[in-house]
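Everything below concerns the one structure shown next.
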Amino acid sequence: MSANCANAPDAVPSDAGVAGIGVLLSFIVTAAISLVISASLIFQETRRKTSQKPSILRRKLLNSYSDQQILTGIGIQSVGLAKTATMVPYHFFLIWMLSLLSMAVHNATLLALARDFRRDWVLRWMRQLLMLVNLVLSSVYGIYIFRSVQDNLTNRTFPIACAWDPATPDRPPPGDRGLSYVGTILVIAGNVVIFLLATWYLHSRAQRFYAIFQVVGLILMTAFAVGATVRVAYLADAFASGTPIMLSDAGERQWSFGQLLSVGMLLLPLVSVVEILRGEIKCAPPVALDYPDDKGQLLGEDQELRPNLGFQRKTDFQPNPFWGSQTNLFRK
C-alpha cells in the first residue's frame with residue numbers, strides 16, 4: 001500500500017494498538033517497577049553487607065519485567081515500521097519514545113544484574129542481541145523523525161512515509177525547528193554511545209569503578225526514562241487534553257480488551273514469584289562474592305546448592321565456547 005502524500009486529511013483515526021491508554025500505562029508502570037527494583041539492588045550492592053541474603057525474588061522479578069519491556073518495545077517498533085504508509089508522525093513519535101523508555105529500563109536492569117549475565121554466556125549474548133536489535137530499530141525511527149522535522153511533517157496528518165516523498169506539499173517551518181533538529185540528533189547519538197558503554201560493561205572482566213558506574217548509569221537511565229515518559233504524557237491523547245493533530249475518534253482513551261490485556265500482562269512476572277514463595281520452583285541466587293567455593297544459598301539459610309555429577313564450577317565470568325577467556329575478550 002502506497003502512502004497518500006498529495007492531500008492531508010483534516011483528521012486521522014486513533015491507533016489504540018500503539019497509543020492506547022492500556023499500552024502506554026503498561027510501558028510506564030513496567031518502567032517504574034523495574035527502575036525501583038534496579039535502584040534497590042544497586043543500593044544493596046554498594047552497601048557491601050555480605051551478611052545480607054541474596055535478593056532472589058527481586059532479581060527474578062526484575063529480569064522478567066525487563067525481558068517483557070524490551071520484547072514489547074521491539075514488537076511495537078516493528079509494527080510501526082510495517083505501517084509507515086498509513087501511520088502519521090504523531091503516532092510514530094510516540095512509538096519512538098516508548099522504545100527509548102524500554103531501552104532505559106533494559107540498561108538499568110543490566111547495571112543491576114550484570115554479574116548474573118556474565119556467569120552465563122548464553123544469557124549474556126542474548127542480552128547483547130536484544131540491545132543491538134533495539135538500537136537498530138530506534139536509530140531507524142530517529143532517522144524517520146529527523147526527516148519528518150526536515151520536511152515539516154511533525155504536526156501534520158500525512159503518513160510518515162511521505163518524509164521521503166519529494167512531492168509532499170511544503171509549508172513554512174515552525175519556530176522550534178532548530179531545537180527539534182538538535183534534540184533528535186542528540187538522542188540518536190546518545191543511543192549509540194549508551195549501547196557502546198553497555199556492551200563494554202556487559203563483557204568487561206574488570207571490577208574497577210564498578211559501584212560508581214552502576215550509580216551514575218542508573219541516574220542517567222532514570223533521567224532518560226522520566227524524559228520519555230513526560231513526552232508521552234504531554235503528547236498522547238490518552239493523557240493530554242489536546243494533541244498536535246486532530247483525531248477523528250477517542251479510541252485511544254477507551255478501555256477495550258486489548259488495553260486491559262496490556263495492563264494485565266504486568267501480573268505475569270508475579271506468578272513466578274508466588275511459585276518461588278510457595279516452594280514449587282527453586283531458583284538459585286547469583287553467586288555471592290564472599291562464598292569461597294562459589295556456591296550460593298537457596299531460600300533457606302541451611303539449604304545449599306549441592307554439587308551433582310557433571311557439576312561445572314561457576315565463575316564470575318563465563319566466556320562463550322567459540323572465542324575469549326575469563327581474562328581476555330578474544331584469545332582463548
Side-chain angles (χ1 to χ4, degrees), residues 26-46 55 58-77 95-142 186-232 269 286 317:
S26 175
F27 272 91
I28 294 172
V29 173
T30 302
I33 295 174
S34 301
L35 290 174
V36 169
I37 298 177
S38 298
S40 67
L41 291 173
I42 292 175
F43 177 73
Q44 181 180 359
E45 287 189 12
T46 54
S55 308
R58 279 183 293 160
R59 287 177 178 272
K60 186 171 182 63
L61 193 62
L62 175 60
N63 192 56
S64 298
Y65 276 124
S66 175
D67 290 344
Q68 178 177 313
Q69 184 84 317
I70 191 69
L71 292 175
T72 307
I74 291 174
I76 199 171
Q77 289 179 89
I95 294 178
W96 192 37
M97 290 295 102
L98 294 178
S99 74
L100 298 180
L101 184 61
S102 67
M103 180 272 297
V105 169
H106 187 266
N107 287 332
T109 302
L110 181 64
L111 291 169
L113 303 181
R115 286 196 177 105
D116 300 352
F117 301 142
R118 288 170 182 166
R119 296 189 190 100
D120 192 314
W121 71 272
V122 175
L123 294 179
R124 188 170 66 252
W125 282 99
M126 183 175 65
R127 289 279 168 175
Q128 183 69 64
L129 178 61
L130 291 175
M131 289 162 53
L132 179 61
V133 173
N134 197 51
L135 174 68
V136 172
L137 291 175
S138 181
S139 299
V140 171
Y141 268 74
L186 288 178
V187 171
I188 297 175
N191 279 343
V192 176
V193 172
I194 291 173
F195 171 79
L196 295 176
L197 290 175
T199 300
W200 168 82
Y201 182 78
L202 182 61
H203 299 277
S204 175
R205 275 74 166 169
Q207 300 293 327
R208 291 178 299 177
F209 310 112
Y210 188 83
I212 297 177
F213 197 90
Q214 279 184 313
V215 173
V216 174
L218 179 64
I219 294 174
L220 291 177
M221 290 303 100
T222 302
F224 221 100
V226 171
T229 302
V230 170
R231 289 292 287 167
V232 170
F317 190 93

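Throughout, numbering of the chain's residues begins at 1 and tracks the sequence.
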Query - Selection residues 97-111 - residue pairs positive for side-chain hydrogen bond (donor to acceptor under 3.5 Å, both in side chains), sequence neighbours left out - result: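 side-chain hydrogen bond (donor to acceptor under 3.5 Å, both in side chains) check on residues 97-111 returns Ser66-Thr109, His106-Arg127.
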**Report entry** Inter- and intrachain pairs under side-chain hydrogen bond (donor to acceptor under 3.5 Å, both in side chains), touching residues 31-40, at least two apart
**Finding:** Ser40-Arg58
Closest approach of [X] to [Y] (non-hydrogen atoms, all atoms of both residues):
X: Ile76; Y: Tyr141; answer: O-OH, 3.9 Å
X: Leu35; Y: Ala108; answer: CD2-CB, 3.6 Å
X: Arg59; Y: Ala112; answer: NH1-O, 3.6 Å
X: Thr30; Y: Tyr65; answer: CG2-O, 3.7 Å
X: Ala104; Y: Phe224; answer: CB-CB, 4.2 Å

Query raised in the report: When you check the side-chain N and O atoms of Gln128 and Thr199, is any donor under 3.5 Å from an acceptor?
Result: yes
Report task. Name all residues meeting the side-chain contact (heavy atoms from CB on, under 4.5 Å) criterion together with Ala114; count only those two or more places apart in sequence or in a different chain, and write none if there are none. Result -> Arg118, Tyr201, Tyr210
Report task. Go through Leu101 and Thr229 one step at a time and tell me if the side-chain contact (heavy atoms from CB on, under 4.5 Å) criterion holds. Result -> CA-CA 7 Å; Leu101 184 61; Thr229 302; 3.7 Å; yes
Requested in this report: Could you grab the distance from atom CD of Gln69 to atom CG of Leu98, nearest 0.5 Å is fine?
Outcome: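 Gln69 CD to Leu98 CG: 8.5 Å, rounded to 0.5 Å.
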Query - Met131 CE to Met103 CE distance, which is reported to the nearest 0.5 Å - result: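 Met131 CE to Met103 CE: 10.0 Å, rounded to 0.5 Å.
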